[in-house]
Every structure is written in C-alpha cells, then in structure tokens.
Amino acid sequence: MHLSKNVHACAISNQATIFGRFRSMINSNVLEFIMEAHDGLSAKIVAESGFRGIWASGLSISTALGLRDANEASWTEVVDVLDRMQESVSIPIMLDGDTGFGNFNNVRRLVQRLCTIGVAAVCIEDKTFPKTNSFIGDRQPLASIAEFQGKIRAAKDSQLHDAFTVVARVEALIAGHGMDAALERAHAYCDAGADAVLIHSKKATADEVLQFAEQWQNRAPLVIVPTKYHATPTSRYRDASVSMVIWANHNLRAALQAMRSVTRRIQAAEAIADVEKDIASVDDVFSLMNYQELEVAESRYLAGEER
Ligand code: SPV
Ligand code: MG
C-alpha cells in the first residue's frame, strides 16, 4: 500500500520536473536540439543517445500507425502513443499537436490529457482541420488569426501545470503568405499567451527562417524545423538566436529504410544468415529494455517463491 503511494508521489514529482525542464530548455540562451520519436522504442533510442528532449512528430506517429499525416489518426490514438513514449523515457516530450484536432474545445481536452500523462509541451499550428503535412502540395489553408488566438488561450487556460509549454506554429510561409503575414501572426500568437513560436519553411535554404529570426528580435523563444533546409550549418541558427531546433522525422525515415532493406534481403534469400551482422542483436534489445532490472525486481519481490 505504502509502496504504491510512494510510486504515485514519485510519478507526480517527476512530472513536475519534466514540465519545468522543457520550459527551461526553450527559455535558455543556449541553442537546444530535440529529436523525433514515434513510439516507445524510438523514444528510448533518442534518450539513450543523449538528447535532452523529444519531438513526437505527427508525420512519424501517423506513418508508424500505417496512416497518413492528414489527421487520419484520432487524437486519442495519438495520445495513446504518447502515453507509451512518456512511460519509456524520463526526458521531456513535445507533441506535434497539429491544429489541436478540432476547435478550441478539442485543444482544451488535448492539453489536459497531455498534462495528466506527463507530456511537457504541445505545438499547435495555425492551419485548418484536417491538416495536411506542410510539404504536400500548395493548398495549405490557414485559420484566421482570431480563431488561432482562441486556441492558444484555451490551451494556456486549461493546462494543469504552470510550466506546461504551448508553442504556436506559424504556417504563413508554408502557405505562401509572405514574411509580413508570418510576423503579424507570430506577434498575435504571443499576445494570446504562446510560450514560444515555431516558424516553418519548406525552402531548400534557411534564408526566410533567418530573415524571420532577424525581424522577430527575440520577442519569444523561436523554434525551427530544418527538414528541407538540411544543409545549413547549425552555427547559423546559433548566431540568429534560435532557441530550439527540431530534427523532425529522421528516426522514422531511418527505420523505414533499414526495415525495407532487411525485409527485402530476407525475402530474396529465403534465409537470414546474411543480415545477422547488419541488425541489432537480441542481447541489444534486452539491454535497451533493461531486462536486468526485471531480474533484480524478481529477486526482491518473488523472494520465497519458486522461480
Ligand atoms: C512533423 O514532424 O510531423 C512536422 C514537421 O510537423 S514537418 O513534417 O517537417 O512539417
Ligand atoms: Mg506535423
């Protein structure tokens, strides 16, 4: 009885630090990096590699579920994945919350569920529901500024922890509305209470993101996603006072390529001998999943029982 109470108390206090840790990262003057994960396994790999935070990518989670990044997954399906991820690691996670899965009311329920399961932050974008991935086609309709401000206010008013972080993602450049519109929206979202702004771009160079950063003048922490402008040296973001870089989908893409290659080789060879050297050992799986801890727990809790 006492043990489970303590475990509960530990979970609550760990959650409090998770929220604060993410907020400190995004507020710090140091350029921070968070890495994409889409399930418990990839979350563990990100944490094991030394990253201090995770991007729970909408593209990656939906792809891993066998669905398209077009709100085909319901918000509860997404939150179920987040629950597994959160349980797998002790570093903070920011959910890619798309447009908030509906109107302000859906945003409120999402934020409360995230706070309850210990997800430290959500990023919501100013498109209309259902959204499409930002790199697909040119039809990227935006919500009105007023509507999106309402979602941000709803998110901030319903968060269950003071340090829960709401990042407002500006899609004006993606939708072709230009720099002035992007800046106007970013300022309006901060006026509504956003803790940080994510400026997204699909250009092959970082020029427009860096121009945005210059004109933004550090009003609030700035987050970027260099998927398309992947060749830009990181030092340019540091010089531009960017707060956080998201490496948004690289675990999913790495997994896709590795799984496809091994599966095709096994299918062609009708044998597995050749691939053994190219895949993780079963011992590696046991080690990542900390089977050792289970053995220790068994000797503590199964004492006296035949094992
Ligand atoms: C995601 O990872 O789902 C994102 C980032 O929203 S991107 O796909 O680069 O737009
Ligand atoms: Mg997304």
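For ligands, and for the atoms within them, numbers begin at 1 and follow the listed sequence.
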Residue that, paired with Asp191, satisfies salt bridge (charged side-chain N to carboxylate O under 4.0 Å, His left out) out of Arg219, Arg185, Lys156: Arg219

Co-membership, hydrophobic cluster, residues Val170 and Tyr237, 4.5 Å side-chain: yes

Under 3.5 Å donor-acceptor, Asp96 side chain and Asp98 backbone: yes

Ligand 1-proximal atoms of His250, by part, heavy-atom distance under 4.0 Å: neither

Salt bridge present between Lys151 and Asp126 (N-O < 4.0 angstrom): no

Atoms of type N/O/S from protein, distance to the Mg ion (ligand 2) below 2.8 Å: 1

Closest protein heavy atom to atom 1 (C) of ligand 1, given as residue, atom name and distance to 0.1 Å: Asp96 OD2, 3.2 Å

Numbering as shown, the atoms of ligand 1 that approach Trp55 to under 4.0 Å (heavy-atom distance): 1 (C), 2 (O), 4 (C)

Mode of Thr227 contact toward ligand 1 - side chain, backbone, both, neither (heavy atoms, under 4.0 Å): side chain

Val225, any N or O under 3.5 Å of ligand 1 N or O: no

Cation-aromatic face contact Lys203/Tyr229, 6.0 Å, 45 degrees: no

Ring centres under 6.0 angstrom apart (His200, Phe135): yes

Heavy-atom nearest neighbour in the protein, as seen from atom 6 (O) of ligand 1, with distance rounded to 0.1 Å: Arg169 NH1, 2.7 Å

Minimum-distance protein heavy atom relative to atom 9 (O) of ligand 1: Phe135 CE1, 3.1 Å

Atom 2 (O) of ligand 1: nearest protein contact (heavy atom, Å): Ser57 OG, 2.7 Å

Heavy-atom nearest neighbour in the protein, as seen from atom 8 (O) of ligand 1, with distance rounded to 0.1 Å: Asn133 ND2, 3.1 Å

Location of contacts on Glu125 toward ligand 1, heavy atoms closer than 4.0 Å: neither

Lys228 to ligand 1, any heavy atom closer than 4.0 Å: no

Between Glu171 and Ser134, a side-chain donor and acceptor under 3.5 Å: yes

Atom indices of ligand 1, in the order listed, that fall short of 4.0 Å to a heavy atom of His200: 7 (S), 9 (O), 10 (O)

Aromatic plane relationship, Trp216 with His187 - under 30° parallel, 30 to 60° tilted, over 60° perpendicular: tilted

Side chain Asn27, main chain Ser24, donor-acceptor under 3.5 Å: no

N/O donor-acceptor pair under 3.5 Å between Ser299 side chain and Val296 backbone: yes

Lys202 (side chain) donor-acceptor with Ile174 (main chain) under 3.5 angstrom: yes

Under 3.5 Å donor-acceptor, Asn71 side chain and Pro130 backbone: no

